[in-house]
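What follows is a single structure, written as structure tokens, with notes after it.
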Amino acid sequence: MADTIFTEMIDKNLITAKINSYEAYTAIDFHTYTVSVARCALRWFLDQVIQLRDRAGEIGDIHLIVGKGQKTGTSMLGPILMEMLEREVEPPLHARVSEENSGRLVIGN
């Protein structure tokens with residue numbers, strides 16, 4: 001139900017989910033979302049990535065911008081989305097914290 005509502009909000013431009021696709025990677029910015037919205041957004045984003053890959057072929061790494069936790073010193077979204085990718089996605093996906101930017105998770109090489 002939440003995923004359906006999220007998709008309807010995207011379709012009606014009530015919430016934005018900007019996907020940036022570059023030669024080396026595809027990214028989405030989650031860092032302004034609450035945990036609940038980020039979980040819906042991740043499922044939606046993975047569906048979009050599958051469609052993009054089907055149309056464009058190789059899409060490179062996937063970057064999830066989760067924020068560095070400026071206020072708390074620790075990213076709240078990062079660990080939650082990493083666990084979600086490993087436990088709720090079929091087949092499970094492994095994400096790692098980017099070496100260049102600790103506010104990003106990277107799926108891929």
Side-chain angles (χ1 to χ4, degrees):
M1 177 73 145
D3 292 341
T4 302
I5 292 169
F6 181 84
T7 301
E8 287 176 6
M9 291 177 73
I10 290 283
D11 292 344
K12 294 178 181 178
N13 293 318
L14 298 173
I15 192 170
T16 57
K18 186 175 180 185
I19 297 175
N20 294 312
S21 189
Y22 306 100
E23 188 173 316
Y25 65 91
T26 300
I28 185 171
D29 190 343
F30 289 92
H31 88 277
T32 59
Y33 295 156
T34 64
V35 170
S36 297
V37 172
R39 291 173 63 82
C40 292
L42 180 58
R43 286 187 287 268
W44 175 84
F45 176 65
L46 292 174
D47 285 341
Q48 300 304 306
V49 167
I50 290 168
Q51 292 175 29
L52 179 62
R53 187 194 61 208
D54 289 347
R55 286 192 314 267
E58 179 61 39
I59 59 170
D61 292 344
I62 297 169
H63 289 219
L64 310 177
I65 303 167
V66 295
K68 296 179 182 179
Q70 296 276 326
K71 295 176 187 162
T72 63
T74 305
S75 173
M76 294 191 59
L77 289 177
I80 291 168
L81 295 183
M82 287 175 82
E83 181 178 339
M84 185 178 167
L85 288 166
E86 292 178 5
R87 291 188 178 190
E88 298 179 28
V89 175
E90 233 1 273
L93 295 173
H94 175 72
R96 61 179 167 73
V97 176
S98 169
E99 294 175 8
E100 294 84 28
N101 183 338
S102 63
R104 286 182 181 230
L105 302 178
V106 179
I107 302 169
N109 300 324

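Keep in mind that what you see is a predicted model, and the values were worked out from it rather than measured.
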Query - Atom pair CG (Leu81) and CG (Leu93), whose distance is rounded to the nearest 0.5 Å - result: 12.0 Å

Query raised in the report: How close do Val66 and Ser75 get, heavy atom to heavy atom, and via which atoms?
Result: CG2-OG, 3.6 Å

Report task. Give the C-alpha distance, both sets of side-chain angles, the deciding distance and a yes or no for side-chain contact (heavy atoms from CB on, under 4.5 Å) between Leu42 and Leu85. Result -> CA-CA 9 Å; Leu42 180 58; Leu85 288 166; 3.9 Å; yes

Query raised in the report: What heavy-atom pair brings Ala27 and Ile65 nearest, and what distance separates the two atoms?
Result: CB-CD1, 4.4 Å

**Report entry** Non-neighbouring partners of Glu86 that pass side-chain hydrogen bond (donor to acceptor under 3.5 Å, both in side chains), sequence neighbours left out
**Finding:** His94

Query - Non-neighbouring partners of Glu8 that pass side-chain contact (heavy atoms from CB on, under 4.5 Å), sequence neighbours left out - result: Thr4

Requested in this report: With rounding to the nearest 0.5 Å, note down the distance linking CD1 in Ile62 to CG in Leu46.
Outcome: 6.5 Å

Report task. Look up atom OG1 in Thr26 and atom CD in Gln48, then write down how far apart they are to the nearest 0.5 Å. Result -> 11.5 Å

Query raised in the report: Heavy-atom distance under 4.5 Å between the side chains of Phe30 and Leu105, does that happen here?
Result: no

Report summary line: Sorted by chain and number, sequence neighbours left out, side-chain hydrogen bond (donor to acceptor under 3.5 Å, both in side chains) with Glu83 holds for Arg87

Report summary line: So CG of Leu64 and CD1 of Ile107: to nearest 0.5 Å the spacing works out to 4.5 Å

Report task. Measure the spacing between CZ of Arg43 and CD of Glu88 and express it to the nearest 0.5 Å. Result -> 6.0 Å

Requested in this report: Please identify each residue that fulfils side-chain hydrogen bond (donor to acceptor under 3.5 Å, both in side chains) with Glu100, with sequence neighbours left out.
Outcome: Ser98

Query - Sequence-distant partners of Val37, side-chain contact (heavy atoms from CB on, under 4.5 Å), two or more places apart - result: Phe6, Ile15, Tyr33, Thr34

Report task. Can you sort out the partners of Ile50 under side-chain contact (heavy atoms from CB on, under 4.5 Å), two or more places apart, ordered by chain and number? Result -> Arg53, Asp54

Query raised in the report: How far apart are the closest heavy atoms of Lys68 and Ser102, and which atoms are they?
Result: CG-OG, 3.7 Å

**Report entry** Single-linkage hydrophobic cluster Phe45~Met76, side-chain heavy atoms < 4.5 angstrom
**Finding:** no

